[in-house]
Structures are given as C-alpha cells and as structure tokens.
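Report on the structure given below.
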Amino acid sequence: MQFVVFASEGASKKDSLSFHLEKMKDVKLSPATGLYHANKALHLIDKETDIKTRKKILGYKAYLFGNLRNYDSAIFSTKKYLKLLKKEDIKGVAAQYSKMGYYYRANSQMDSAYYCYNYSNEMFSIVQDSARIGENLTHIAIIQSNLGDYTGSEETGIKALDYLDKSNIVYLTSVYNCLAITSKNQIDFKETIYWNDKALTIASTRGDSIVILNNKALALRDMGNYDQSILLFTELLKDPKVEEQPRTKARIIDNKAYTAWLKNKNSNVLSDFLIAKEIRLQEKDSIGLIASYAHFSDFYKLKNQKIAIAYALRMYQLARRKKSPRDQLEALQKLIDLDNAKSAKKYYMSYISISDSLVLAEKQAGNKFAKLKYDSEKNREENLRLKIVNSEKELELEKEKIQNIIGAVSGGTLLLGFVGFGYYRRQKHQQEKKEEVYKTETRIAKKIHDEVANNVVNIMNKVQYTSEPKEVLLDDLEKVYLLTRNISHQNSTIETGARFEDSLKALLASFNTTTTTVIIKDIYSVDLKSLAKEKQIELYRVLQELMVNMQKHSKAKLVAISFKKERNNYVINYSDNGIGVVLKELKLKNGLINVESRIKSINGLITFDTSLNNGFKAFISFKI
C-alpha cells in the first residue's frame, strides 16, 4: 500500500510541475499570473539535482519581471541564474550578463549597464561570437550617447557595424539611428542625414520609417533647408499610417508649421499649431505639449508679447512637472528675453541654478562613466597580463633583452624628438604671437574706423551744419570718449597676478551699454588671482573673444558670466539671450576655433550651445 501511495504522489508532483511550467509560458496569461506559476514550479523542483529546470524558470522569471518593468527583480533573478552556471560555460555567462545589461539600462543604471555589456563582450570575444559582440557594442554606443560622450558613441557605433551581419536589421537600424543622433548633437547635420538615409534603406516597418523621416526633416530644417523639410513633412502627412498614430500626426503637423514659420515669419501657420496642440491635449502628450508651447511663444514674440510670455510660462510649468531641465532652461531663456527687467532677473537666477545643476549632473555622470570605462579597460589589461605571466614565463628573459635594445634605440630617438619638438613649439608660438598681434591691430583699426571715426565725423557735421545746443555736442563727445576708453580696456596689456580679478572684471564690465546688461557672478569667490600667469592670460583672451562675439553678432539684452570652483576644476558659464545662430556657422564665421585652441592649451574644455533665436551659451572648465 505504501508503494502505491508514493507512486501516486510522485506522478502528481510531476504533473503539477509540468502544469506550472506550461502556464508560466502561456502568452495569453498576464505576466503577474506567469510569475505565480513560475514560483509554484520553483517550489516543486529538486534544488540539488534539477538545475536545468531551475535555470529555465529563473530565466523566464527575469523576462516576466522585465515585462512588468520591475527591473530590480529581473536583475535579481538573473544574478541567481548566473550562480547556477559553471565557469566554463562562457557563452551562457556572456548571454546572462548581456540580459542584465539590458535590465540595468532600462532601470537608468547606466554605469552598471555599461559594465555588464562590456564584460559580456569579453566573454563573447573568447568564443568569437561576432553577432553578439555587435549587439553589445550597439547598446554601449547608445549608453555613451545618453551620457553625452558623442565622440565615444560614434567610435563604438562604427565598431559595432564591423560585427553586425546585414540580416540583423533590428540592431543595424539601432546603430544607424544612434549615429544620426550623435551627429545631430555634434551639429553635423549632413552626417545626420547620411545615417538617417542608411536607416531608411533597411527599416523593417513603416512605423520605423516614419520616425526616421521625421528626424531627417528636422535635420534639413536645422541646416536651413526649409523647402525640402516642408516637402518631407507634407508627404508624411499623406501616409495612412500617420493617421493611425495621433501623437505622431501632431508631431509632424507641429514640426511642419514651425518650419514654415522659420522660413517666413508672416506665414499663416496658427491653425496648424492649434490642431497639433488639441491632439496633444486629447492624448495627454506632455512632451509634445512642451514643444507646442515653445513654438507658440516664438510665434507670438513679435505679434503679442503678453501671449508669448503666457505660453513660455506654460512651457516652464509643464517642464518642471515633467522634471525636464533642458526644457526648463529653454522656457526660462524665452521669459528672460520677453519679460520686463524685474522679472527677467528672477528668471535669470532660476536659469543659472538649473543650468549649474544640469552641468554638474552631466559632468558627474561623464566622470563616473569615464572612470568605469577606465576601470574596465584596466581590469581587462590586468587579466591579460596575468595570463601572459602564468603561461609564458620562459620568455621573460628574452623579452627583457629585447626591451633593453629597444630602450637604447628609442632613448636616442626620444632625445632627438624632444629637441625637434621644442624647436617646433618655439617656432609655432612665435608665429601665433605674430598672428595674434596682427589680428589685434586689425581689430583695433576696424573699431576706430567703424565706431570712433564715424562718430567724430557726425559731431563735425553737427558743429558745421546745425545749431545743436552745447549740451548735445558734449553728450556726443562723451560717447566718443567712452568708446575710446572701452577699446583701450579691451586691448590693453593684461594685468596678471594679484590684480587679475580686477582686470578681468573691468574688461567684462566694459561691455555694458544702454542696451546690454552684463551680470558677473562670483568672480572674487574662486581665487582666480592664484592661477598661473599663462592660464590667466588665456582665460582673459577667451572671455574677451566671447564678449566681442556677443557685441558683434548677438544683439543680446542680457549677458551672464558665472564663476565656480568644483574640486580641482574651475567652471565658467557664459550665457546671453541674443539671436543665436547655427553652431556650425558660428564656429566657421566668428573665429571661435581660436577660443577652443586657447582653452586646450591650458588642458581645459569649452563647449558651445546655440541655435537660431535661442541665445548662445559657452561652458568652460579647466584644472586648477
């Protein structure tokens, strides 16, 4: 009797396990129900002997948690799965680390995601699985792009293309899209369009093609090619697939209307703006509404300033609710430009606070990512070094001999190289000094001609041909005096050392005019006087160039320069509410390449942020 009972219980147990495993994978059931059956199945298996089934359940649990967006639990299940794998199962370990990278990335834990994808790649490299290496590199490129490492992202994306097969359409499309985004963020719109076109040739669905074509039309708009951009938006609106996607339809209508307005400020696009806004309100599309409010504010700027301010405020309030700092900054920039001086000051303080927080957060993320990347490379090199030491000890003596020979040869070569490099640097420095003197003389001559001489001629004409009161003539002469004093300030010898801060502040303040207000924040709190003389000179010239550029091209009403010290770095943020330009044109036309060279010469970094009608910003950082 006992035998019959045990057989019956064993059969029942087996049937119950099969039942739960089947239900766990039933796509008709909800993920939560699938997890219930997965947990039931785990309790029924023999933990010591049935490892294969246990791995299957844990892997599927991670998948179900992922569907529920419970990424912490998905990561936990994957880690438990990894503990069951043998070390020699390289491909299995690599696959699980890649999955864990996906969950970390979905959970916005970019540093952990990068580590997992990178480690997975090391394992897949051992088994020479090119396809999986390419897929991991695609994820890494996207992470780098999200963290602002656009150059690194571009390099990784190109590398991924070497590993991906032409049949892997999903990942190839992702790489092309990532490369298009990095190109756009680097203000290289021709390259953006090139990668958009590459993605279009392999897009597997019409929905994917619509997204890519919309992005291409935006790139054409950023290039100033409004006609082609409008034509592309028009064709997209004829697509039946767009009618099925209200948010996409609203985006395209709004983008087309804004492009038409950029082309001609008198275009009758208000009705299209309103249609896009109504769709977005119905769809509760907050991100889309932020764009609508931004476009309405720009549209009404010259027509009705009160309405323009109202839409800028709506944009700012919605961006705050959605916790979007970049949109908040854009909205505040509009408010600073539109509202009265008293309100502008309040908005400016908010702008500086958000901007500083954003720069710091991005910098910390970048530093964290850079350190993680360095640590990963260092660990990989250390592992390789240990393998070489363990497997090839007999070659050490031979290597030492070879290194001694190479050292002797390279030592002599290095010495000659230093001598040659020193001579080259001296010649280059002398040439740069000559060029700088020439540029300075040319600039002074032009200013004297354009500003001083013309004003003197006007005064002479007034004296000779009119009967202006003495007070008017004295006012005109005072303006000429102020012009000459400013030119003197801007081109005088730079005071370095203890007086540097006063000298720099005087330079920046000299750009204050009746139409432009310059705000200088915390210049005395960062101890600029302790900087090395060379750094003081370069910093002075860089800020001078930025201010001259503002004066010539920006038409800014408000300029703000703030100084901060963060650990071992000086951080200087420049911002104005001028007309802005396309960044690529700015670099080519206004000589800001020289600014970049100066900052690089003191091992610093400068980045620019500008677009038409959206002001100009520069972020400078260099080591103490």
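Only a predicted model underlies this, so the values are computations on that prediction, with no experimental measurement involved.
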If we only count heavy atoms from C-beta on, is the [X] to [Y] side-chain gap below 4.5 Å?
X: Lys256; Y: Leu237; value: yes
X: Leu318; Y: Arg314; value: no
X: Leu200; Y: Asp197; value: yes
X: Val595; Y: Asn549; value: no

Assess, by modelled atom type and distance only, whether the side chains of [X] and [Y] contain a donor and an acceptor separated by less than 3.5 Å.
X: Thr205; Y: Asp208; value: yes
X: Thr182; Y: Glu154; value: no
X: Gln245; Y: Thr248; value: yes
X: Asp298; Y: Tyr258; value: yes
X: Asn136; Y: Asn121; value: yes
X: Ser554; Y: Asp576; value: yes
X: Thr33; Y: Ser30; value: yes
X: Gln186; Y: Asp188; value: no

Test salt bridge (charged side-chain N to carboxylate O under 4.0 Å, His left out), reference Asp254, set Arg280, Lys277, Lys249, output is Arg280
Under the salt bridge (Lys or Arg N to Asp or Glu O under 4.0 Å) definition, can you give me all pairs with a residue in residues 24-38, not counting sequence neighbours? none
Can you name the one residue among Thr516, Ile519, Val518 that meets side chain to side chain contact (heavy atoms under 4.5 Å, CB included) with Leu558? Ile519
Is it true that [X] and [Y] make a salt bridge, defined as a side-chain N closer than 4.0 Å to a carboxylate O?
X: Asp327; Y: Arg320; result: no
X: Glu330; Y: Lys334; result: yes
X: Arg206; Y: Asp239; result: yes

Sequence neighbours left out, what passes side-chain hydrogen bond (donor to acceptor under 3.5 Å, both in side chains) with Ser271? Give chain and number order. none
Between Lys301 and Asp337, is the salt bridge (charged side-chain N to carboxylate O under 4.0 Å, His left out) condition met? List the steps. CA-CA 10 Å; Lys301 184 177 180 180; Asp337 190 35; 2.6 Å; yes
Using the ring centroid of each side chain, check whether [X] and [Y] are separated by less than 6.0 Å.
X: Tyr71; Y: Tyr104; result: no
X: Phe296; Y: Phe299; result: no
X: Tyr171; Y: His139; result: yes

Between Lys265 and Trp261, is NZ or CZ placed under 6.0 angstrom from the six-membered ring centre and within 45° of the ring axis? yes
